[in-house]
Amino acid sequence: MNTIEITSLNDIDSAAEQFKEYIIGQFRKEGRNIFAFYGSMGAGKTTFIKAICNQLGVEDEVTSPTFAIVNEYISPQTGSIFHFDFYRVKKLSEAYDMGYEEYFYSDSICFIEWPELIEELLPEDTVKVTIKETPTGSRIVTF
């Protein structure tokens with residue numbers, strides 16, 4: 001298990017760079033492209049994903065896909081990146097209807113917020129990323 005500590009927003013780019021190195025250096029080589037982000041509301045999932053996308057060279061604005069469920073960004077380093085937010089999904093059939101398989105089983109990176117709502121659909125090799133806030137306000141990212 002790997003751990004990255006983010007003590008303040010000033011550290012987020014450095015933390016995202018470290019995470020990006022794992023994506024490029026290890027996970028992609030293993031064929032792992034699904035990253036499920038677990039954390040409470042306000043833990044910083046979207047903020048961290050935005051920083052990772054910036055490190056991957058995404059020039060588009062990275063926002064939470066709360067209402068759209070999925071946003072697509074283009075990285076010159078990795079190609080398409082799909083960013084999901086399943087917070088509003090009430091039934092698994094909604095994930096089926098949106099064609100989740102086309103995204104999850106593509107070669108594209110997928111960042112998923114609120115994966116616990118569709119957990120049984122996640123591929124076995126999904127990288128589970130947990131973000132927890134400490135009493136001091138820093139964030140601990142484990143994966």
Side-chain angles (χ1 to χ4, degrees), residues 1-90 92 94-134 136-143:
M1 184 165 298
N2 300 295
T3 302
I4 299 171
E5 183 174 5
I6 305 169
T7 56
S8 73
L9 276 177
N10 293 333
D11 295 341
I12 199 158
D13 289 331
S14 173
E17 173 70 22
Q18 288 177 58
F19 192 82
K20 178 193 93 163
E21 293 306 317
Y22 280 101
I23 291 173
I24 302 296
Q26 179 181 348
F27 296 129
R28 296 283 282 176
K29 288 179 183 171
E30 295 171 356
R32 299 171 78 185
N33 63 322
I34 309 293
F35 300 87
F37 287 78
Y38 295 82
S40 61
M41 183 77 72
K45 296 180 295 292
T46 302
T47 302
F48 192 51
I49 290 170
K50 179 178 181 175
I52 297 164
C53 286
N54 288 338
Q55 291 298 319
L56 289 168
V58 172
E59 293 184 9
D60 295 324
E61 183 179 355
V62 177
T63 59
S64 177
T66 301
F67 295 101
I69 300 179
V70 62
N71 288 341
E72 180 179 8
Y73 314 115
I74 303 298
S75 162
Q77 297 173 39
T78 63
S80 290
I81 297 172
F82 297 104
H83 179 193
F84 297 85
D85 184 334
F86 286 108
Y87 183 74
R88 297 195 180 280
V89 170
K90 302 298 180 217
L92 280 180
E94 293 176 57
Y96 283 107
D97 291 345
M98 67 166 292
Y100 82 92
E101 292 138 323
E102 291 179 38
Y103 300 103
F104 289 7
Y105 295 100
S106 71
D107 207 22
S108 299
I109 290 175
C110 295
F111 294 136
I112 303 168
E113 295 186 52
W114 301 104
E116 45 279 90
L117 300 173
I118 54 108
E119 200 153 54
E120 64 191 72
L121 303 179
L122 294 176
E124 194 172 293
D125 62 351
T126 296
V127 178
K128 295 186 179 190
V129 182
T130 302
I131 302 177
K132 291 186 179 177
E133 185 175 6
T134 69
T136 63
S138 65
R139 304 301 196 264
I140 304 295
V141 181
T142 55
F143 52 98

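These values consider heavy atoms only, across backbone and side chains, with no hydrogens, waters or symmetry-generated copies. Starting from 1, each residue takes its place in the sequence as its number.
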Pair listing, side-chain hydrogen bond (donor to acceptor under 3.5 Å, both in side chains) test, anchored in residues 40-55, at least two apart: Thr46-Glu113
Can you measure from [atom1] ([X]) to [atom2] ([Y]) and round to the nearest 0.5 angstrom?
{"X": "Ile69", "Y": "Tyr100", "atom1": "CD1", "atom2": "OH", "value": "14.0 Å"}
{"X": "Thr78", "Y": "Leu56", "atom1": "OG1", "atom2": "CG", "value": "5.0 Å"}
{"X": "Asp11", "Y": "Leu9", "atom1": "CG", "atom2": "CG", "value": "9.0 Å"}
{"X": "Cys53", "Y": "Ile74", "atom1": "SG", "atom2": "CD1", "value": "11.0 Å"}

[X] and [Y]: which non-hydrogen atoms are nearest, and at how many Å?
{"X": "Ile6", "Y": "Ala15", "answer": "CG1-CB, 3.5 Å"}
{"X": "Ala51", "Y": "Asp13", "answer": "CB-OD1, 4.3 Å"}
{"X": "Ser138", "Y": "Glu5", "answer": "OG-OE2, 3.3 Å"}
{"X": "Val70", "Y": "Met98", "answer": "CG1-CE, 3.9 Å"}
{"X": "Asp107", "Y": "Arg28", "answer": "O-NH1, 2.9 Å"}
{"X": "Val58", "Y": "Pro76", "answer": "N-CD, 4.4 Å"}

CD/Glu116: more than 12 non-hydrogen atoms of other groups inside 6.0 Å: yes
Ile24 CD1: over 12 foreign heavy atoms closer than 6.0 Å: yes
Less than 3.5 Å apart, which donor and acceptor atoms pair up between the side chains of residues 32-39 and the rest of the protein, not counting sequence neighbours?
from: Arg32; atom 1: NE; to: Asp125; atom 2: O; distance (Å): 2.9
from: Arg32; atom 1: NH1; to: Glu30; atom 2: OE1; distance (Å): 3.4
from: Arg32; atom 1: NH2; to: Asp125; atom 2: O; distance (Å): 3.4
from: Asn33; atom 1: ND2; to: Ser106; atom 2: O; distance (Å): 3.1
from: Asn33; atom 1: ND2; to: Ser108; atom 2: O; distance (Å): 2.3
from: Tyr38; atom 1: OH; to: Glu119; atom 2: OE2; distance (Å): 2.3

Residues that Thr142 engages under side-chain contact (heavy atoms from CB on, under 4.5 Å), provided they are two or more places apart: Met1, Thr3, Thr130, Ile140
Ring centres under 6.0 angstrom apart (Phe84, Tyr103): yes
From CA spacing to verdict: side chain to side chain contact (heavy atoms under 4.5 Å, CB included), Phe27, Ile109: CA-CA 10 Å; Phe27 296 129; Ile109 290 175; over 6 Å; no
Applying side-chain hydrogen bond (donor to acceptor under 3.5 Å, both in side chains), name anything that partners [X], two or more places apart in sequence or on another chain.
{"X": "Glu101", "result": "none"}
{"X": "Ser14", "result": "none"}
{"X": "Glu21", "result": "none"}
{"X": "Gln77", "result": "none"}

Arg88 side chain vs Phe86 backbone, donor-acceptor pair below 3.5 Å: no
Any donor-acceptor N/O pair, Arg139 side chain to Thr7 backbone, under 3.5 Å: no
Pairs involving residues 61-79, ordered by first then second residue, that meet salt bridge (charged side-chain N to carboxylate O under 4.0 Å, His left out) (sequence neighbours left out): none
Residue that, paired with Ile52, satisfies side-chain contact (heavy atoms from CB on, under 4.5 Å) out of Val129, Val62, Ile81, Ile23: Ile23
Min side-chain heavy-atom separation Tyr96-Leu121 under 4.5 Å: yes
Ring pair (Phe, Tyr, Trp, His ring centres under 6.0 Å) partners for Tyr87, two or more places apart: Trp114
Parallel, tilted or perpendicular: ring planes of Tyr22 versus Phe143, cut at 30 and 60 degrees: perpendicular
Partner residues of Glu59 under the salt bridge (charged side-chain N to carboxylate O under 4.0 Å, His left out) criterion, sequence neighbours left out: none
Partners meeting salt bridge (charged side-chain N to carboxylate O under 4.0 Å, His left out) with Glu17 (sequence neighbours left out): Lys20
Inter- and intrachain pairs under ring pair (Phe, Tyr, Trp, His ring centres under 6.0 Å), touching residues 42-71, at least two apart: Phe19-Phe48
